[in-house]
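Here is the structure we will look at.
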Amino acid sequence: MIQFDVLTLFPLIFDGFLSESILKNAIESGKLSVQLHNMRNWATDKHSTMDDRPFGGGPGMVLKVDCVVPCVESVRGGCGVAGRLIMLSPQGRKFDQRLAESFAVEERLILLCGRYEGFDERVVELLEPEEVSIGDYVLNGGEVAAMVLIEAVMRLLPGALGDCDSNRLDSFSSGNRLLDCAQYTRPREYRGLNVPETLLNGNHAEIEKWRNENSLQRTKLRRPDLLN
Ligand code: ADE
C-alpha cells in the first residue's frame, strides 16, 4: 500500500483520472490511496489568495511561500510517515522508469503541484523537495505531471495490474531495455494488410523469437539511444 498526497490548487482535475479503469480498481482493492489537498485552504487572507506578483517585475504570478510551506507541513504531519516530498516542475530531474521504480517502494509520496510561474524559491530552500519533470516542455501546472507519476508508479505495485507479468515486461523496466514489439488482433486481414504469418502458427518458440527480433528492430530504428 502506497499513499499519495497531492497538493494542488485544482483538485477537480483528478476526478476522472482516479475514478476510472485500472486506477479505480487499484484504489478500491487497497493497493494505493490518493488524498487530494486543496492548497487554497492554507491561504491566509479572506480572498484565499495563494499567489502574488514576482519581486523584480515580470509576467505571471508566484505561489506564496507563507501559504505553501504551512500546507506541506500540515499534510506531512497528518500521518505517521513523513514521506518523500516531490515537487513537479519543468526544472526537475527527468522522470523515467528507474525513478518510478524507486518511488514504488515508498510508503508515502507527497506531490506538490505548481501553477503559474511556479513557487517562491524559498519553498525549495525550506522543504528541499525532489524536483521532478516529466519532460522538456512546459505544462500549465504540475497536475498532469503528478498523474503521469501516479500512473507509472501504480503499475509497479504488486497485484495492481490484473496480469502479473504485464508490468515486468514493460519497456524501460529494469529487466527490459527494448521497446515493445508490434501486436495484432483479429481480423487476420484488413484492407490488404495481413498479420505476420509467424504469429498465427501456434509455435511458441518461433513467436517468442519473432517478438524479440521485432522489439530489437523497432528499438534500433526508433530509439537507438536505448541500446547504448
Ligand atoms: N509543470 C509544468 N511543466 C512541467 C513538466 N514538464 N514536468 C513537471 N511539472 C511541470
Side-chain angles (χ1 to χ4, degrees), residues 2-18 23 32-43 48-73 75-76 83-106 108-157 170-173 222-223 225-226:
I2 180 164
Q3 179 177 330
F4 291 92
D5 290 272
V6 182
L7 282 55
T8 170
L9 288 173
F10 301 98
L12 292 180
I13 291 177
F14 292 84
D15 275 9
F17 174 67
L18 296 173
L23 201 49
L32 75 157
S33 80
V34 182
Q35 308 296 326
L36 299 168
H37 306 273
N38 190 337
M39 286 197 283
R40 210 171 282 287
N41 296 338
W42 280 268
S48 296
T49 311
M50 281 298 294
D51 56 352
D52 207 341
R53 285 165 308 187
F55 279 122
M61 301 291 271
V62 176
L63 289 167
K64 285 161 62 60
V65 62
D66 54 336
C67 302
V68 175
V69 169
C71 171
V72 174
E73 285 172 347
V75 168
R76 266 204 147 151
R84 208 161 146 184
L85 180 64
I86 298 152
M87 176 186 280
L88 285 314
S89 147
Q91 277 88 47
R93 166 181 172 188
K94 188 90 68 80
F95 187 57
D96 60 11
Q97 194 70 17
R98 224 165 45 124
L99 193 51
E101 284 166 4
S102 87
F103 289 153
V105 296
E106 300 287 340
R108 188 182 191 201
L109 297 171
I110 302 173
L111 308 183
L112 194 48
C113 302
R115 278 271 151 175
Y116 319 119
E117 295 308 303
F119 294 95
D120 185 307
E121 188 59 23
R122 290 167 293 182
V123 172
V124 176
E125 285 170 41
L126 286 166
L127 301 175
E128 300 184 335
E130 293 174 59
E131 293 185 70
V132 172
S133 164
I134 62 162
D136 291 339
Y137 38 80
V138 180
L139 303 167
N140 290 338
E143 285 78 9
V144 169
M147 289 191 257
V148 167
L149 190 153
I150 291 169
E151 188 159 316
V153 170
M154 75 67 62
R155 291 180 59 79
L156 298 169
L157 302 177
D170 278 349
S171 296
F172 315 114
S173 59
R222 300 176 188 197
R223 292 293 306 276
D225 56 296
L226 293 176

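Only a predicted model underlies this, so the values are computations on that prediction, with no experimental measurement involved. Order of appearance sets the numbers: ligands from 1, and atoms from 1 within every ligand.
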Fill in the blank from the handout: re atom 6 (N) of ligand 1, the protein heavy-atom contact at minimum distance is Y137 O, 2.8 Å
Handout entry: Minimum non-hydrogen distance to atom 10 (C) of ligand 1, winning option of P90, S133, G114, G92
Key = P90
Exercise for the section: Quick one: look up the protein heavy atom nearest atom 3 (N) of ligand 1 and list residue, atom name and how far away it is. Expected result: L139 N, 3.0 Å
Exercise for the section: Please report which non-hydrogen protein atom sits nearest to atom 9 (N) of ligand 1, along with the residue it belongs to and the distance in Å to one decimal place. Expected result: S89 N, 3.2 Å
Practice task
Look only at interatomic distance and state if V138 has a nitrogen or oxygen under 3.5 Å from any nitrogen or oxygen of ligand 1.
Solution key: no
Completion exercise
Value for CG (L32) from CE (M154), rounded to nearest 0.5 Å, stands at 6.0 Å
Handout entry: Contact list for residues 3-15, test salt bridge (charged side-chain N to carboxylate O under 4.0 Å, His left out), sequence neighbours left out
Key = D5-R108
Practice task
Can you measure from CE (M39) to CZ (R115) and round to the nearest 0.5 angstrom?
Solution key: 9.5 Å
Exercise for the section: Indicate the atoms forming the closest heavy-atom contact of G83 with R76, along with that distance. Expected result: O-NH2, 3.1 Å
Problem - Under 3.5 Å donor-acceptor, T49 side chain and D51 backbone - result: no
Exercise for the section: Look at E130 together with R84 and state whether they make a salt bridge at an N to O cut-off of under 4.0 Å. Expected result: yes
Fill in the blank from the handout: Counting from 1 in the order shown, the ligand 1 atoms closer than 4.0 Å to a non-hydrogen atom of A145 are 8 (C), 9 (N)
Exercise for the section: State the CG-CG distance between L63 and D120, to the nearest 0.5 angstrom. Expected result: 9.0 Å
Handout entry: Sub-4.0 Å heavy-atom contact, G141 with ligand 1
Key = yes
Practice task
Answer yes or no for V132: is there a heavy-atom contact with ligand 1 below 4.0 Å?
Solution key: yes
Fill in the blank from the handout: re atom 7 (N) of ligand 1, the protein heavy-atom contact at minimum distance is I134 N, 3.0 Å
